Colleague: 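Pasting a structure below so you can have a look.
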Amino acid sequence: MGGEIRNPSAMPVPPSGTLAPFKAISRFLHMLRPLVFSLALLASASVLADTACPQHFAAGQRPVVTSPKLQPRTQEVCFKAYAVLHSGLTHTPLYSAEHLTRQNVKSASKLSRKDSFHAEDALPKSDRAELSDYEKSGYDRGHMAPNADFANRKAQAESFSLANMVPQVHENNAGVWAGIEGAARQLATTEGDIYVISGPAFIGSNIKRVGNVMVPTHVWKVIYSPAQQRAAAYLVTNDDTRDYAVVTVSKLEKMVGLSLLPGLPQNVRDAGMTLPKPVSRQGWQGKGKSKSKAEDEFTLRDFATMVMDAILRASKK
Amino acid sequence: MTHFKPYANESDVIRIGGLEIENRTDRLSLTGDVVLTRDQAGLALAKELKALLDQVVSALEAEQPLPKKVTLKPVQTVKNPFS
């Protein structure tokens, strides 16, 4: 990312003994120049974050880190079917982004027979998660971008990179979260294509950690529908809940310290969208019979306000 | 399937029908669903499932002593780097 900063060209310095104050100021400016230079670079980077894989993002623009606390030790990793911004602070992704199409969903339903969870080679050892971090932790390795979204063998295999995982409570991963993933696939099938960004939230002054990996308090999934020109996000707590909330993108952006859809107009990020109910596995597979039961399985609740309050309280400390 | 050794590692994932079987050193998790139809495909899946469960049972029976409950690593609490 950070391009090399060349030593700025030498300023004319008057001969020693004459104009001493000017010389001191000139030296001082000289020292400052690389700093000013790098600040300018930083500023331009935050306006438009470069990505090696724009195809995974709405309008070709990847999310931008807006909270300076999230910035250290972040690295983009591009895969065939999704992209991650990884954090060496949490040893998790900050988001996983994918462009989900009807064709992908159709092909992905024929899943491969065998896969393998693995540490991410593209990340420095000091930043990445290892299988041993999760071992005997009691937590699932929860996919952010789900393997069931991906259309071919290689893309599915890549989804098992730990760069795409967070420690997730099993009941959540296999329950409401799987339901949200199913709902996203259904929407992609109905509309032809959607953009999906999924990630963890770390809310509160203290965070649980297993091995070197931090356990998110929440997980979220942003859906942008190009057909409707609308977007919104699912938000769930990382526990055995069967409740979920739907929030606007701009609200979630404040929660997580990321500008998630920087390529889209502000009104799209503010307006929200009606998101489909998470589908239970029975509801997704079965035809009709168990439908009413499936619909009751997950409950929409407005707890986003509580989360925002918690963030405000934490920031006042 | 033949190479899947229950509890041997933290990496293997196999599928039987829509059932996803994840290997961990302290547990095996089976999520999703599988339909055993009353036909040849159903029998093939049933045999795979049975072979897997037989392996699980013998692995657990071979473990002496088998703990009453698995021991998890203690979860640590750290300061939130983002707050």
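What you see is a predicted model, and the numbers here were worked out from it, not measured in a lab. The sequence lines fix the lettering, A, B, ..., with proteins before strands; numbering per chain opens at 1.
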Colleague: Measuring from atom CG of A:D140 to atom CZ of B:R27, what distance do you get when rounded to the nearest 0.5 angstrom?
Modeller: 8.5 Å

Colleague: With distance as the sole test, does B:K73 use its side chain to make a donor-acceptor pair with the main-chain N or O of A:E135 at under 3.5 Å?
Modeller: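 Yes, the answer is positive, given that a donor and an acceptor are paired below the 3.5 Å cut-off.
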
Colleague: Quick check: closest heavy atoms across A:K136 and B:T71, and the distance to 0.1 Å?
Modeller: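 Looking at all heavy atoms of both residues, the shortest contact is CD-O, 4.1 Å.
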
Colleague: Measuring heavy-atom distances to chain B, does A:L162 have an atom under 4.5 Å in its side chain, in its backbone, in both, or in neither?
Modeller: neither

Colleague: Report yes or no: does B:N80 contribute a side-chain atom to a donor-acceptor pair with the main-chain N or O of A:G204 at less than 3.5 Å?
Modeller: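 Confirmed, B:N80 side chain pairs with A:G204 backbone.
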
Colleague: Search all heavy atoms of A:G211 against all heavy atoms of B:Q76 and return the closest pair with its distance.
Modeller: O-NE2, 3.6 Å

Colleague: Of all of B:V70, B:V78, B:V35, which one pairs up most often with chain A through heavy atoms under 4.5 Å apart?
Modeller: B:V78

Colleague: Main chain of B:R15, side chain of A:R113: is a donor-acceptor contact present, judged purely on distance under 3.5 Å?
Modeller: yes

Colleague: Of all heavy-atom pairs between A:N206 and B:K79, which one has the smallest distance, and what is that distance?
Modeller: OD1-CA, 3.9 Å

Colleague: Under 4.5 Å from any heavy atom of chain B, what part of A:T90 do you find: side chain, backbone, both or neither?
Modeller: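 Interface part for A:T90: side chain.
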
Colleague: On a heavy-atom basis, which atom in A:R141 and which in B:N23 lie closest, and how many Å separate them?
Modeller: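 Taking A:R141 first and B:N23 second, the nearest heavy atoms are NH2-O, 3.7 Å.
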
Colleague: Checking A:F160 against chain B: side chain, backbone, both or neither under 4.5 Å from a heavy atom?
Modeller: side chain

Colleague: Between B:N9 and chain A, which part of the residue has a heavy atom less than 4.5 Å away: side chain, backbone, both or neither?
Modeller: neither

Colleague: Could you tell me the separation between the CG atom of B:D12 and the CG atom of A:D115, rounded to the nearest 0.5 Å?
Modeller: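 Those atoms lie 10.0 Å apart.
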
Colleague: What are the two closest heavy atoms between B:L72 and A:G138, and how far apart are they?
Modeller: CD2-N, 3.7 Å

Colleague: Quick one: closest heavy-atom pair of A:Y134 and B:E10, and the distance?
Modeller: C-OE1, 4.1 Å

Colleague: Any donor-acceptor pair under 3.5 Å linking the side chain of A:K69 with the backbone of B:S83?
Modeller: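 Yes: the side chain of A:K69 pairs with the backbone of B:S83.
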
Colleague: Step by step, work out the side-chain contact (heavy atoms from CB on, under 4.5 Å) result for B:T31 and A:H170.
Modeller: CA-CA 10 Å; B:T31 44; A:H170 173 77; 3.4 Å; yes

